[in-house]
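Throughout, a chain's letter reflects where its sequence line sits, starting with A, and its residues are numbered from 1.
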There are 2 protein chains.
Amino acid sequence: MMLPDAEIQHLDNIVNRGKPMDKGDMLFSAGQSMISIFAIRTGCIKTYTVSPEGDEQITGFHLPGEIVGLDAINSERHPSFAKAMTTSMICEIPYQKLDDLTAVMPGLRRQMVKIMSQEIMEEQKLLLLLNRKNANERLAAFLLNLSARYGKQGFSSSRFNLVMTRNEIGNYLGLALETVSRLMSRFHEDGLIRVQNREIDILDFDALYELAGIPCHKD
Amino acid sequence: MMLPDAEIQHLDNIVNRGKPMDKGDMLFSAGQSMISIFAIRTGCIKTYTVSPEGDEQITGFHLPGEIVGLDAINSERHPSFAKAMTTSMICEIPYQKLDDLTAVMPGLRRQMVKIMSQEIMEEQKLLLLLNRKNANERLAAFLLNLSARYGKQGFSSSRFNLVMTRNEIGNYLGLALETVSRLMSRFHEDGLIRVQNREIDILDFDALYELAGIPCHKD
DNA sequence: GCAGTTTTTTGATGCCCATCAATACCCTGC
DNA sequence: GCAGGGTATTGATGGGCATCAAAAAACTGC
């Protein structure tokens with residue numbers, strides 16, 4: 001997932017670095033014409049769509065290193081919303097310039113395509129999660145996914161703070177917020193996690209993996 | 001969605017045109033290294049993943065004009081399976097050559113990125129469907145989606161044959177096959193559709209749109 | 001620290017849809 | 001035409017989770 005230094009230098013010249021955002025600020029809204037895509041440097045961004053009836057469906061919680069706005073390239077107009085869930089630092093990448101660069105930077109071009117391919121793959125996994133798994137399994141998989149992503153960033157993968165509410169977790173996973181709350185309590189009672197408010201300690205990874213339907217390596 | 005003639009000519013030179021496939025033939029399987037992506041010329045392809053427990057989750061039914069295999073670019077290995085549901089004609093597009101071409105063909109490059117962006121968007125819509133809609137709404141949306149896609153290919157959008165079984169529809173929509181069957185019957189009784197086996201006539205588009213949660217234009 | 005708001009927890013109830021079961025239908029090959 | 005397997009329909013039952021409800025806890029700004 002690395003680019004040659006020279007290519008990074010090029011890229012650095014076009015990104016509008018250091019756009020600080022407060023909690024609640026919008027990166028973009030559905031319907032806006034797409035000027036840039038955005039790379040998250042710090043913080044957390046949620047993306048969501050709004051159904052015809054007006055209720056929101058969260059499509060992702062995005063952590064540093066991830067890119068949002070890729071769904072807008074097709075129509076050149078954003079189909080979704082992106083909102084900062086915490087204070088965040090965002091790199092704005094003008095799409096026109098990025099596209100020009102991909103012509104002369106094969107590494108960047110392949111990287112772009114890979115990132116999009118990965119996003120397609122991730123969404124397929126989410127599809128499987130939502131279609132075939134019950135509430136337990138969904139929440140377990142969700143916690144493990146967060147854990148792994150925090151870990152990849154050098155943070156603790158066993159202890160972290162949820163940036164999202166129970167309601168937002170439920171919305172994302174297709175569960176009622178009460179169900180999420182109940183399951184958190186249950187996982188706590190069962191010794192799988194320690195949860196106090198938004199603070200999560202994962203105590204038994206193996207059991208969680210088991211629950212999530214990813215049999216742990218040792219069995 | 002069109003390319004300049006010159007670019008099409010280039011593309012034509014690399015595609016392995018006219019690969020006929022019988023019902024049940026595999027285009028690729030999960031785990032295989034990704035050599036090519038595939039454009040569907042005629043027929044119907046289903047893509048699916050297999051969960052750790054071994055049951056399949058259908059991720060899409062693909063009609064002519066669509067491209068499958070894009071989820072493999074990231075890891076250069078297919079994460080999913082693709083199987084012909086009917087006799088089909090498939091264009092095999094060697095990915096290495098395609099990538100080379102995108103360097104010198106800006107139109108092709110943008111087209112590729114657009115196609116991937118669209119796929120991301122489509123999967124987000126599916127996410128919304130599965131998370132927020134009940135069985136009625138899912139099936140209505142499914143039928144309308146098929147209808148629109150057939151229509152776009154010049155076939156009738158109000159009368160078509162399902163290439164997939166009730167079981168496959170249910171698998172895709174996260175419903176039991178019995179639920180799909182019951183709802184088909186219900187829609188029939190209610191005069192929304194006429195269904196005889198795999199043959200579908202859509203009688204009342206407005207009502208279906210209403211059900212699917214897409215308010216029809218006239219209200 | 002306190003009032004007001006948002007978020008979370010926990011309980012009670014009920015409905016949607018999965019599951020089980022049995023029959024009917026369709027299709028293919030001989 | 002008939003046998004056999006796959007597919008579809010329809011009914012009965014139950015469970016998982018949504019929904020409603022209310023209270024507790026946490027956070028906010030002043």
Side-chain angles (χ1 to χ4, degrees), chain A residues 22-24 46 51 53 55-58 61 83 85-87 129-143 161-190 193-200 211 213, chain B residues 22-24 46 51 53 55-58 61 83 85-87 129-143 161-190 193-200 211 213:
Chain A
D22 290 333
K23 177 175 173 167
K46 78 167 172 182
S51 74
E53 299 90 54
D55 37 31
E56 85 181 40
Q57 167 62 48
I58 295 174
F61 301 110
K83 184 189 277 189
M85 303 185 74
T86 67
T87 304
L129 187 71
L130 295 174
N131 252 354
R132 309 226 76 77
K133 310 284 188 175
N134 65 18
N136 281 311
E137 298 168 322
R138 290 185 205 181
L139 187 61
F142 176 75
L143 292 175
N161 283 302
L162 297 175
V163 291
M164 63 293 280
T165 68
R166 305 285 191 267
N167 192 22
E168 287 171 322
I169 296 173
N171 181 300
Y172 179 64
L173 295 177
L175 300 172
L177 71 97
E178 296 94 328
T179 302
V180 175
S181 178
R182 266 184 259 270
L183 289 180
M184 289 280 203
S185 303
R186 172 90 81 81
F187 286 2
H188 185 113
E189 287 167 25
D190 294 354
I193 62 176
R194 211 181 54 76
V195 48
Q196 169 140 27
N197 228 349
R198 303 273 181 99
E199 195 181 313
I200 302 282
L211 245 188
Chain B
D22 290 334
K23 177 174 174 170
K46 78 169 171 180
S51 74
E53 299 89 57
D55 37 31
E56 86 181 39
Q57 167 62 49
I58 296 174
F61 301 110
K83 184 188 278 188
M85 303 185 72
T86 67
T87 304
L129 186 73
L130 295 174
N131 252 352
R132 309 225 75 77
K133 310 283 190 180
N134 64 21
N136 281 310
E137 297 168 322
R138 290 185 205 181
L139 186 60
F142 176 75
L143 291 175
N161 283 303
L162 296 175
V163 289
M164 63 292 280
T165 68
R166 305 287 191 265
N167 191 22
E168 287 171 323
I169 296 173
N171 181 301
Y172 179 64
L173 294 176
L175 300 172
L177 73 96
E178 295 95 329
T179 302
V180 174
S181 177
R182 265 183 259 271
L183 289 180
M184 290 281 204
S185 303
R186 173 91 78 80
F187 286 1
H188 186 114
E189 287 167 25
D190 294 355
I193 62 178
R194 211 180 55 76
V195 49
Q196 170 139 27
N197 228 345
R198 304 274 180 98
E199 195 180 313
I200 302 282
L211 245 188

B:K133 meets the salt bridge (Lys or Arg N to Asp or Glu O under 4.0 Å) criterion, sequence neighbours left out, with A:E53

Would you check, one step at a time, whether the test side-chain contact (heavy atoms from CB on, under 4.5 Å) holds for A:N171 with B:R132? CA-CA 9 Å; A:N171 181 300; B:R132 309 225 75 77; 3.7 Å; yes

Atom pair distance, as rounded to whole Å: NZ in B:K133 and P in C:dC16: 17 Å

So, using side-chain hydrogen bond (donor to acceptor under 3.5 Å, both in side chains) as the criterion, who are the partners of B:E178 when residues are at least two apart? none

What contact category does A:A135 fall into here, base, sugar-phosphate, or nothing, at under 4.0 angstrom with non-hydrogen atoms? sugar-phosphate

Outermost DNA chain D nucleotides near chain A [under 4.0 Å, heavy atoms]: D:dC17 to D:dC27

Measure the CG-CG distance between A:L175 and B:N131 for me, rounded to the nearest 0.5 Å. 8.0 Å

NA contact type, B:G170, heavy-atom cut-off 4.0 Å: base, sugar-phosphate, or nothing? nothing

Show the numbers, then the answer: is there a side-chain contact (heavy atoms from CB on, under 4.5 Å) between B:H188 and B:R194? CA-CA 5 Å; B:H188 186 114; B:R194 211 180 55 76; 3.8 Å; yes

In this structure, CZ of B:F187 is separated from CG of B:N136 (nearest 0.5 Å) by 5.0 Å

Value rounded to 0.5 Å, distance of NZ in A:K46 from CE in A:M164: 10.0 Å

Apply side-chain contact (heavy atoms from CB on, under 4.5 Å) to B:F142 and B:I169, showing your working. CA-CA 9 Å; B:F142 176 75; B:I169 296 173; 3.8 Å; yes

Please report, rounded to the nearest Å, how far the P atom of C:dC16 is from the CD atom of B:E137. 12 Å

Hey, could you give me the CG/OG distance between B:L139 and B:S181, rounded to the nearest 0.5 Å? 10.5 Å

Taking five pairs at each terminus, the helix from C:dG1-D:dC30 to C:dC30-D:dG1 shows an axis bend, to 10°, of 60°

Along nucleotides 8-13 of chain C, 5' to 3', which nucleotides get a B, which get an S, and which get a -, given that the test is a protein heavy-atom distance under 4.0 Å? SBBBB-

Could you check B:E56 against B:K83 for salt bridge (Lys or Arg N to Asp or Glu O under 4.0 Å), going step by step and ending with a plain yes or no? CA-CA 12 Å; B:E56 86 181 39; B:K83 184 188 278 188; 5.7 Å; no

Gap between atoms CG and P, on B:N161 and C:dC27 respectively (whole Å): 11 Å

Rounded to the nearest Å, what distance is computed from the CD atom of residue A:Q196 to the C1' atom of nucleotide C:dT7? 15 Å

Sequence neighbours excluded, which residues qualify as salt bridge (Lys or Arg N to Asp or Glu O under 4.0 Å) partners of B:E137? none

